[in-house]
Amino acid sequence: MITASDRVLDAVDEAADEIVDFTRELIRLPTVNPPGDGYADCAELIGRRLSACGFETLYFAAEGCAEHTARHPRINVVGHRSGRAARPLVHLNGHFDVVPAGAGWTLDPFAGIVRDGRIYGRGSCDMKAGIAAAVYAAEAIRRAGVTLNGSVEISGTVDEESGGFAGVAWLAHRGHIRADRTDFVIIPEPLYVDRICIGHRGVYWFEVTTHGRIAHGSMPFHGVNAIDHMGIVLDRMRRDLLPRIAARSTAMPVEPAGARFATLNINGIDGGQAVDGIQTPCVADRCRAVFDRRFLIEEGFDTTRAEIVELLDRAAADVPDLRYELRDLMVVHPVRTPDDSPLIDALDRGLRRVLGRSGGLVASPGTYDHKHVTRIGGVSNCVAYGPGILDLAHQPDEWCGVDDLVSATKVIALALLELTGTLS
Ligand SMILES: [Zn+2]
């Protein structure tokens, strides 16, 4: 007996060429961020396809965001398709911005070339294939003549690569993704076609400035060298802080496994006079450094920050004239999908049916728009699942496998059926 879900899977197979072609069309629009090129065109391309697939489509310019300018407008698109009932509502979200191509490509990063079963191009895996999978998962259900017992929304959003503030965060602040109307959110980011991503670690970006006192470089004993003092801070971080945080690991299944530990990276440092400029004999009176601390859900932000303050305070107490200033640049709190979320079950079942296996759960070493869905929108039932291999994201010759793209489309379609209770 042929069931409704069999028909849906057949409809995905029949649409395979269209799914690939739509991905290629998206790649051919170089929506590079920064600065945020071609967003309006890309939102429109997605919006036109959604309209053709029976969605009511709305465009949202991120009014009120500093990034939204006349030259680089931040345009998001949201399509809504009602089924028999308004709820449950499943929202599929994909960001359409891509990072710059960078060097090292052996083919055109914005041509959408298909070769040996792979779609190449900047944004192919991260995450224009995921957007195509979302659109065609919903479309296959329609073509199979199945009406959902709930609704589906698909959004194409901007700026994920730079924090998502004019994209998913903006939509969530305006109530378009919110717990009182949105039941489930799936973000088809590339975190391996057989894995379900349940969240990410936290991020704390901070800037430390050491303040010294300028004096003649031939008599440095008359001044206080801010670079020397930054050196002391860095040394204490390496000797006191790093061994402590490197010993902490999370219970979240972060991949790669090396990222299961708390980490600290120094992004940049700047002090004294510009090294390319004309030199004068001066003691450096200022040094600034920016740090990237990834913290675990088990650590929490307050402890993480307090540890930095304690280290700096102790250095200031021990070293005469060491004066510092700490500035928080960005905080992203860790998120984790509840273990009993129906999303995990639905996708897991879909994976076993489509691929014959499930790779289980994974967590992201970085962050993605999950944080805004959960922390601003209040929707805890959020996961990332989509086609593509995480390691290829942002690399030269980025690609997404056609087989993975088709499989992920099927898994998402099955999850839509199950989450809306359509087959029960
Ligand atoms: Zn991405």
Exam field: side chain Arg7 to backbone Ala144, donor-acceptor pair closer than 3.5 Å: yes
Arg260 and Glu255 ion-paired at < 4.0 Å: yes
Distance (rounded to the nearest 0.5 Å) between Ile198 CD1 and Ser364 OG: 11.0 Å
Pair Tyr324-Asp313, side-chain donor/acceptor within less than 3.5 Å: yes
side-chain contact (heavy atoms from CB on, under 4.5 Å) assessment of Leu351 paired with Ile196: CA-CA 9 Å; Leu351 282 172; Ile196 303 158; 4.0 Å; yes
Note, Cys53 side chain near Ile154 side chain (heavy atom, < 4.5 Å): no
Heavy-atom side-chain proximity of Glu189 to Asp126 below 4.5 angstrom: yes
Side chain proximity check, Glu160 to Asn33, heavy atoms < 4.5 angstrom: no
side-chain contact (heavy atoms from CB on, under 4.5 Å) evaluation trace for Val335 with Val373: CA-CA 10 Å; Val335 286; Val373 170; over 6 Å; no
Closest contact, heavy atoms only, Ala61 versus Ile75: CB-CD1, 3.9 Å
Side-chain donor/acceptor of Arg201 to backbone N/O of Ala259, under 3.5 Å: yes
Considering all heavy atoms, the nearest Ala169-Ile376 contact: CB-CD1, 3.7 Å
Whether over 12 other heavy atoms sit under 6.0 Å from Asp116 CG: no
Leu311 and Met237, any side-chain heavy atoms less than 4.5 Å apart: yes
Main-chain N/O of Asp159 paired with Ser162 side-chain donor or acceptor, under 3.5 Å: yes
Side-chain ion pair, Asp235 and Arg238, N-O less than 4.0 Å: yes
Minimum heavy-atom distance Val406-Ala16, with the two atoms named: CG2-CB, 3.9 Å
Salt-bridge contact Glu310-Arg244 (side-chain N to carboxylate O under 4.0 Å): no
Between CD on residue Glu398 and CD1 on residue Ile389, distance to nearest 0.5 Å: 11.0 Å
Evaluation steps, side-chain contact (heavy atoms from CB on, under 4.5 Å), between Val8 and Leu414: CA-CA 8 Å; Val8 170; Leu414 292 175; 5.6 Å; no
Thr106 OG1 to Asp397 CG distance, which is reported to the nearest 0.5 Å: 3.5 Å
Arg122 side chain vs Ile27 backbone, donor-acceptor pair below 3.5 Å: no
Spatial distance of atom NE2 (His370) from atom NE2 (His200) [nearest 0.5 Å]: 6.5 Å
Lys/Arg-Asp/Glu bridge criterion (N-O < 4.0 Å) met for Glu25, Arg28: no
Heavy-atom check, side chain of Arg314 versus side chain of Arg236, under 4.5 Å: yes
Polar side-chain atom of Arg74 near backbone of His72 as donor-acceptor pair, under 3.5 Å: yes
Cationic N near anionic O, under 4.0 Å, Arg288 to Glu207: yes
Expected output: side-chain Thr157 to main-chain Asn76 donor-acceptor under 3.5 Å: no
Residue pairs, two or more places apart or on separate chains, that pass side-chain hydrogen bond (donor to acceptor under 3.5 Å, both in side chains) and touch residues 341-360: Ser5-Arg353, Asp6-Arg353, Asp194-Arg357, Ser341-Asn381, Asp348-Arg352, Asp348-Ser358, Arg349-Glu418
Working for salt bridge (Lys or Arg N to Asp or Glu O under 4.0 Å), residues Glu153 and Arg181: CA-CA 11 Å; Glu153 274 181 357; Arg181 60 182 300 277; 2.6 Å; yes
Nearest heavy atoms of Ala408 and Tyr385, plus distance in Å: CA-OH, 3.4 Å
CZ on Arg118 to CG on Asp404, rounded to 0.5 Å: 10.0 Å
4.5 Å side-chain heavy-atom contact, Lys371 and Val203: no
side-chain contact (heavy atoms from CB on, under 4.5 Å) between Leu107 and Arg115, intermediate numbers included: CA-CA 11 Å; Leu107 32 74; Arg115 191 179 290 169; 3.8 Å; yes
Check: Asn149 side chain, Gly421 main-chain N or O, donor-acceptor pair, under 3.5 Å: yes
Check: Phe261 and Val254 side chains under 4.5 Å, non-hydrogen atoms: no
Qualifying ring pair (Phe, Tyr, Trp, His ring centres under 6.0 Å) pairs with a residue from residues 76-109, counting only residues at least two apart or across chains: Tyr39-Phe96
Centroid-centroid under 6.0 Å between Tyr204 and Phe295 rings: no
Close side-chain approach of Asp228 and Thr210, heavy atoms under 4.5 Å: no
Contact summary for Ile266 and Ala289, nearest pair of heavy atoms: CD1-CB, 4.1 Å
Check: Lys128 side chain, Leu26 main-chain N or O, donor-acceptor pair, under 3.5 Å: yes
Arg49/Tyr136 under side chain to side chain donor-acceptor pair (under 3.5 Å): CA gap, chis, key distance, verdict: CA-CA 10 Å; Arg49 187 63 53 109; Tyr136 279 90; 2.6 Å; yes
Over 12 non-hydrogen atoms of neighbours within 6.0 angstrom of CD in Glu56: no
Inter-residue atom distance Ser380.OG - Leu343.CG, 0.5 Å rounding: 9.0 Å
Smallest separation among heavy atoms of Ile187 and Cys382, with atom names: CD1-SG, 3.9 Å
Geometric class of the Phe206/Phe291 ring pair [parallel <30°, tilted 30-60°, perpendicular >60°]: parallel
Thr420 side-chain N/O to Leu417 backbone N/O, donor-acceptor pair under 3.5 Å: yes
Ala15 backbone acceptor or donor facing Glu18 side chain under 3.5 Å: no
